[in-house]
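Remarks on the structure that follows.
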Amino acid sequence: MPTSQLPLAFRHPYSFASKYRKSVAYFSMEFAVDQALKTYSGGLGFLAGSHMKSAFDERQNLIGIGVLWKYGYYNQSRNADNSMNVQFREKMYSFLQDTGVRYTITISGRPVWVQVYYLNPKHFNTVPMFFLTTDVDGNDTEARSISYRLYDADSSLKVSQCMLLGLGGAKFLDEIKYSPSVYHLNEAHAVSAVFHLYQTLGSAKAVREKMVFTTHTPEEAGNDKHDIGFLNKLGFFGGLSLEKVGEITGIKDNIFNHSLAALRLSRKANGVSKLHGEVSRRMWGGYPNICEITHVTNAQNSRYWADSQLEAARQAGDVTTIAARKKALKQPLFNIVADQVGKLFDPNVLTMVWARRFAAYKRPDLLTHDGERFRRLMRNRDYPLQIVWAGKPYPFDEGAVRTFNHLYYLSHLYPRMAVLTGYELALSKALKDGADLWLNTPIVPREASGTSGMTAAMNGSINVSTNDGWICEFEKASGPEQNSFIVPVAPEGNPDTHDRDHLFQLLEEDILPMYYDHPDNWQALQLRSMNDVNAYFTSARMVREYYEKVY
């Protein structure tokens, strides 16, 4: 009989805190827990990785279910002409343990073998985590390729990947006879799990009692829709008839909306910032029979991200030590810059970083849209500025790759401008350690949360941002409590010109003069920013709120 106890070999290495005994299985397409384990693409994975670490820190009864991506997301490198190159290279992990659990799920009418690997909490201080793969003996090349590339461009393969996580993850828990009280879907990728649970539990009501759902994006591309016949042919509904699928999801037409199904078969859902909760309620509020949508603002694990010397100085209120440590932390980043692009950056120069997934709505090249003003900014001898860009475009997004390449070629004109490759955990940490200023430029309100600015702020970097996502809850943009520099929300219409001009104004009139002419004010601003981000935006608070508000 299924129980709420994990098999002995996989149990948590601690007794559960009294508030966190309810058992939870957390399903996510990606997890970023360490540089050595490349099972992530960007922010969703960074967030999920911090969740696994903070659940460990807080002694919660939670486990992670993911996919072991043979080629990861991709390796970002350069071609001979320094344009971006996409490389898929096999990853090997000797620290993952074969659970010995093998079973099949049905995809396109045929059995596909699934094997499961275990990440012991001792390796990276996470909760127990389990990674599913189809790259095993007994599968043909097509079946093996399901777990090759995170977010494969082929729609049949991508849906099969979602089935592996959802149907396959739910079946794995049955295989080890583990029955968690809560199934938490981190995004709708694993929504096929509800159809397995329906057949196990016998009713949609019973599924809802166990299911919760986190939606991470208002973006159309982040809320998958597919022809229901296409999904049925793949076996997405676990053998349920289309009539039954329509009955339990309320979807009566031929387009299956994955997020809508998750909202109707969960007892509670959440957005990932206060603003995103509001946006999500407006976005989905016209659909009948959806669950309550609350919000739990994303956060990051300070134990992993915060430099220990900076954190000690913050707690002591020692702005002199913070300033000295920040200057020292620039050098490892500048060594990477020198190695990759052959430029020697100066630790005495204000250094601004834009680093996150390259996507059109995030506008990585916003400042460069006004070429003449950008040229003046980059050649200002009185108030010099160094800028670093980094981030991975989706490998098959030609527009995003073009933007990355455009910025790289533009950097040839400016000795204090660099565009780096390889944006994974290690480079992300170096950028946040070394940045004085963290630039964030999404179109409001299209960034659900964003978290890179949190970990930058933990390391003494000041946020300059449009007023979107988590920033709305953090920012104090003026007065004695100022902790950041914020672009006011643009009026209706095209926000690009408005936001770009305000960014230039902030840089030219406020940020650069403060940094160079009033270092005491800059150091006080740093300390306020660090204190404010640590007061609320650490994932210890986040994982507590999931138990209190969602589970």
Side-chain angles (χ1 to χ4, degrees), residues 1-14 16-17 20-31 33 39 44-45 47-56 58-68 99 101 103 105 114 116-121 126-133 161-201 206-216 238 262 265-270 296 542-543 546-547 549-551:
M1 288 290 292
T3 72
S4 58
Q5 282 270 53
L6 279 171
L8 186 60
F10 308 131
R11 286 186 189 168
H12 297 72
Y14 49 75
F16 302 126
Y20 309 128
R21 287 179 179 154
K22 181 179 279 189
S23 53
V24 180
Y26 180 107
F27 291 69
S28 184
M29 202 71 142
E30 45 177 301
F31 289 98
V33 297
T39 51
L44 183 74
L47 179 279
S50 278
H51 199 128
M52 299 302 101
K53 290 174 182 290
S54 287
F56 173 93
E58 297 294 310
R59 298 182 13 245
Q60 294 185 342
N61 187 6
L62 183 144
I63 64 172
I65 308 289
V67 177
L68 183 58
T99 62
V101 178
Y103 55 94
I105 58 174
V114 179
V116 185
Y117 286 82
Y118 168 61
L119 178 64
N120 193 307
T126 65
V127 295
M129 298 181 69
F130 301 91
F131 293 91
L132 285 57
T133 178
Q161 294 174 335
C162 294
M163 293 168 63
L164 172 62
L165 179 63
L167 291 169
K171 188 169 183 181
F172 163 68
L173 297 179
D174 288 352
E175 291 289 320
I176 62 172
K177 297 181 170 52
Y178 182 59
S179 180
S181 300
V182 178
Y183 288 70
H184 179 179
L185 305 186
N186 188 40
E187 270 297 7
H189 301 118
V191 74
S192 58
V194 303
F195 304 112
H196 178 88
L197 282 177
Y198 178 84
Q199 293 174 84
T200 303
L201 301 174
V207 172
R208 286 188 200 98
E209 288 172 356
K210 281 183 168 281
M211 189 69 60
V212 300
F213 169 52
T214 297
T215 173
H216 277 268
L265 286 165
S266 298
R267 60 178 168 80
K268 187 171 281 192
N270 69 281
V296 176
M542 179 185 75
V543 300
Y546 269 105
Y547 265 87
K549 296 176 69 172
V550 183
Y551 300 156

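This structure is a prediction, so every number in the text was calculated from the model and none was measured. Just so you know, residue 1 is the first one in the sequence shown, and it goes up from there.
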Report the distance from atom [atom1] of [X] to atom [atom2] of [Y], rounding to the nearest 0.5 Å.
X	Y	atom1	atom2	answer
K171	Q199	NZ	CD	10.5 Å
I63	I176	CD1	CD1	6.0 Å
K177	L6	NZ	CG	14.0 Å
H189	L165	NE2	CG	8.5 Å
L185	L265	CG	CG	10.0 Å
L197	K210	CG	NZ	7.5 Å

Can any side-chain N or O of [X] pair as donor or acceptor with the backbone N or O of [Y] at less than 3.5 Å?
X	Y	answer
E58	V543	no
S28	E30	yes
K22	Y551	yes
R11	P128	no
S23	S181	yes
R267	E209	yes
T99	V116	yes

TODO: Give the ring-plane orientation class for F131 versus F31, where under 30° counts as parallel, over 60° as perpendicular and anything between as tilted.
DONE: perpendicular
Task: Geometric class of the H184/Y546 ring pair [parallel <30°, tilted 30-60°, perpendicular >60°] - done: tilted
TODO: Dump the intermediate steps for side chain to side chain contact (heavy atoms under 4.5 Å, CB included) on Y547 and V24, then the final yes or no.
DONE: CA-CA 9 Å; Y547 265 87; V24 180; 3.6 Å; yes
TODO: Would you please indicate yes or no on a ring centroid separation below 6.0 angstrom for F56 and Y14?
DONE: yes
Task: Aromatic ring proximity, centroids under 6.0 angstrom, F130 and F10 - done: yes
Could you pull out the closest heavy-atom pair between [X] and [Y], with the gap in Å?
X	Y	result
S192	M163	OG-CA, 3.7 Å
F27	G166	CE2-O, 4.3 Å
V67	L164	CG1-CD2, 3.9 Å
V127	G64	CG2-N, 4.2 Å
L62	H12	O-NE2, 2.8 Å
V550	K268	CA-CD, 3.9 Å

- [ ] Would you check if there is a donor-acceptor pair between the side chains of H196 and D174 at a distance under 3.5 Å?
- [x] yes
Task: Evaluation steps, side chain to side chain contact (heavy atoms under 4.5 Å, CB included), between N61 and Y20 - done: CA-CA 6 Å; N61 187 6; Y20 309 128; 5.8 Å; no
Task: Side chain to side chain, L173 and P180, heavy atoms closer than 4.5 Å - done: yes
Task: Side chains of T133 and Y117 in contact at under 4.5 Å (non-hydrogen atoms) - done: yes
Open item on the list: Working note: L119 + V33, criterion side chain to side chain contact (heavy atoms under 4.5 Å, CB included); need CA distance, chi angles, decisive distance, verdict.
Closed with: CA-CA 10 Å; L119 178 64; V33 297; 4.2 Å; yes
TODO: Begin from the C-alpha positions of E187 and M29 and carry the test side chain to side chain contact (heavy atoms under 4.5 Å, CB included) through to its verdict.
DONE: CA-CA 8 Å; E187 270 297 7; M29 202 71 142; over 6 Å; no
